[in-house]
Protein chains: 2
Amino acid sequence: MSREIRRTMPLLSMSIVMQLTELSARQIRYYEEHHLIEPHRTEGNRRMFSLNDVDTLLEIKDYLEQGMNMAKIKKLFAKKKDPVATTEDQNLSDSELRQIMREEMRQAQRMQKSSIRRGDLSRFY
Amino acid sequence: MSREIRRTMPLLSMSIVMQLTELSARQIRYYEEHHLIEPHRTEGNRRMFSLNDVDTLLEIKDYLEQGMNMAKIKKLFAKKKDPVATTEDQNLSDSELRQIMREEMRQAQRMQKSSIRRGDLSRFY
DNA sequence: ATACTATGTTAGGAAACCTTACATGGTTGG
DNA sequence: CCAACCATGTAAGGTTTCCTAACATAGTAT
């Protein structure tokens, strides 16, 4: 059974995700409104998050703390998903994207080496 | 951050554990009454389970389906924790214990090889 | 035949979560 | 400088999920 499935399986409730990410419920719902995450829903309409969702939230948090705004973050995510999208007003230059990706890679490397880092989900599961 | 911590971190709510284990809430609470698991509690008194708890529950389920009763399962778990416990009425013979352990080992091996097996938690996370 | 074991079910209450709406400090463009 | 907007806080009212406690029951063991 693939790692993909494990990471997309909705296992976590709102309160746990709040603890894991140190975000408020309001913030998490707001990011969902902007389609940056799409948590699963139970029959009773409760959100259930996957580990991937948590990762995404930590990424969003990081970008926001770096001063990026939602609009830019949305474009960033859109482009990461489909780097050759043809929408006209995708005004996030390729060089900007590459810049960000490069930083992510460097961060990932650092995570391999040092032990604990903010945003390192492996603390939790 | 150690695997140990990841696996003991209370992340999962009752409903999710019910799905993962295919046990009823009643059953899960009953096994807790017998101290086979000790889920964490939130401030509001809700149970929060770790991945280890889920493993334990699947193990219990397996033993029960094999016809073992709670009393025996309790002794089995006690002895697995402390194989040299000195309580008098620990009437689970060493050979019985070794027998069970051997089967577990064989099962674990099979899990390495074949893909999906009941009791294989890796389906989920 | 009786007692026990493991589980189901029900009731009443509390915690956690939901959506919607309004409030607000910080930033931004005119 | 001010109006608009952005990201977030907060409050209200309602629903879902979970809690404990108690009683019911089919199957098993004594």
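Since the structure is predicted, the reported quantities are computational estimates derived from the model, not experimental observations.
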Q. Using a cut-off of 4.0 Å on non-hydrogen atoms, how would the nucleic acid contact of B/Arg47 be classed: base, sugar-phosphate, or nothing?
A. sugar-phosphate
Within less than 4.0 Å of OP1 or OP2 of [N], is there a side-chain N or O belonging to [X]?
{"X": "B/Arg41", "N": "D/dT20", "result": "yes"}
{"X": "A/Arg26", "N": "D/dC6", "result": "no"}
{"X": "B/Ser15", "N": "D/dC18", "result": "yes"}
{"X": "B/Ser13", "N": "D/dT17", "result": "no"}
{"X": "B/Tyr30", "N": "C/dT5", "result": "no"}
{"X": "A/Ser24", "N": "D/dG9", "result": "yes"}

Rounded to the nearest angstrom, tell me the gap between atom [atom1] in [X] and atom [atom2] in [N].
{"X": "A/Tyr63", "N": "D/dC6", "atom1": "OH", "atom2": "P", "answer": "21 Å"}
{"X": "B/Met48", "N": "C/dC17", "atom1": "CE", "atom2": "C1'", "answer": "14 Å"}
{"X": "B/Arg29", "N": "C/dT10", "atom1": "CZ", "atom2": "C1'", "answer": "13 Å"}
{"X": "A/Ile16", "N": "C/dA15", "atom1": "CD1", "atom2": "P", "answer": "17 Å"}
{"X": "B/Lys61", "N": "C/dT7", "atom1": "NZ", "atom2": "C1'", "answer": "14 Å"}
{"X": "A/Glu32", "N": "D/dA7", "atom1": "CD", "atom2": "P", "answer": "16 Å"}
{"X": "B/Gln27", "N": "C/dT9", "atom1": "CD", "atom2": "P", "answer": "11 Å"}
{"X": "A/Ile60", "N": "D/dT8", "atom1": "CD1", "atom2": "C1'", "answer": "15 Å"}

**Q.** Nucleotide nearest A/Leu64 when distance is taken to its side chain, options C/dT7, D/dT8, D/dT17
**A.** D/dT8
Q.
Tell me whether the side-chain N or O atoms of B/Arg46 pair up with the base of D/dT17 as donor and acceptor below 3.5 Å, since no angle test is needed here.
A. yes
Q: Give me the one residue out of A/Leu57, A/Asp55, A/Ile16 that meets side-chain contact (heavy atoms from CB on, under 4.5 Å) with A/Thr21.
A: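 Testing A/Thr21 for a side-chain contact (heavy atoms from CB on, under 4.5 Å) against A/Leu57, A/Asp55, A/Ile16 leaves exactly one candidate, A/Leu57.
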Q: Decide whether A/Thr56 and A/Glu59 meet the rule of one side-chain donor and one side-chain acceptor closer than 3.5 Å.
A: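 The answer is no; no qualifying pair exists.
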Q: For A/Ala71 and for A/Asn45, find the nucleotide of DNA chain D with the closest heavy atom, then tell me which residue's nucleotide is more 5'.
A: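 Looking at the nearest nucleotide for each, A/Ala71 comes out on the 5' side.
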Q) Given A/Glu33 and A/Lys74, is the salt bridge (Lys or Arg N to Asp or Glu O under 4.0 Å) satisfied, shown in steps? A) CA-CA 11 Å; A/Glu33 265 179 46; A/Lys74 281 166 84 167; over 6 Å; no
Q.
In the structure I gave you, are the side-chain heavy atoms of B/Leu36 and B/Ile73 within less than 4.5 Å of one another anywhere?
A. yes
Q. Does any non-hydrogen side-chain atom of B/Thr42 lie less than 4.5 Å from one of B/Met48?
A.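 Side-chain contact under 4.5 Å: yes.
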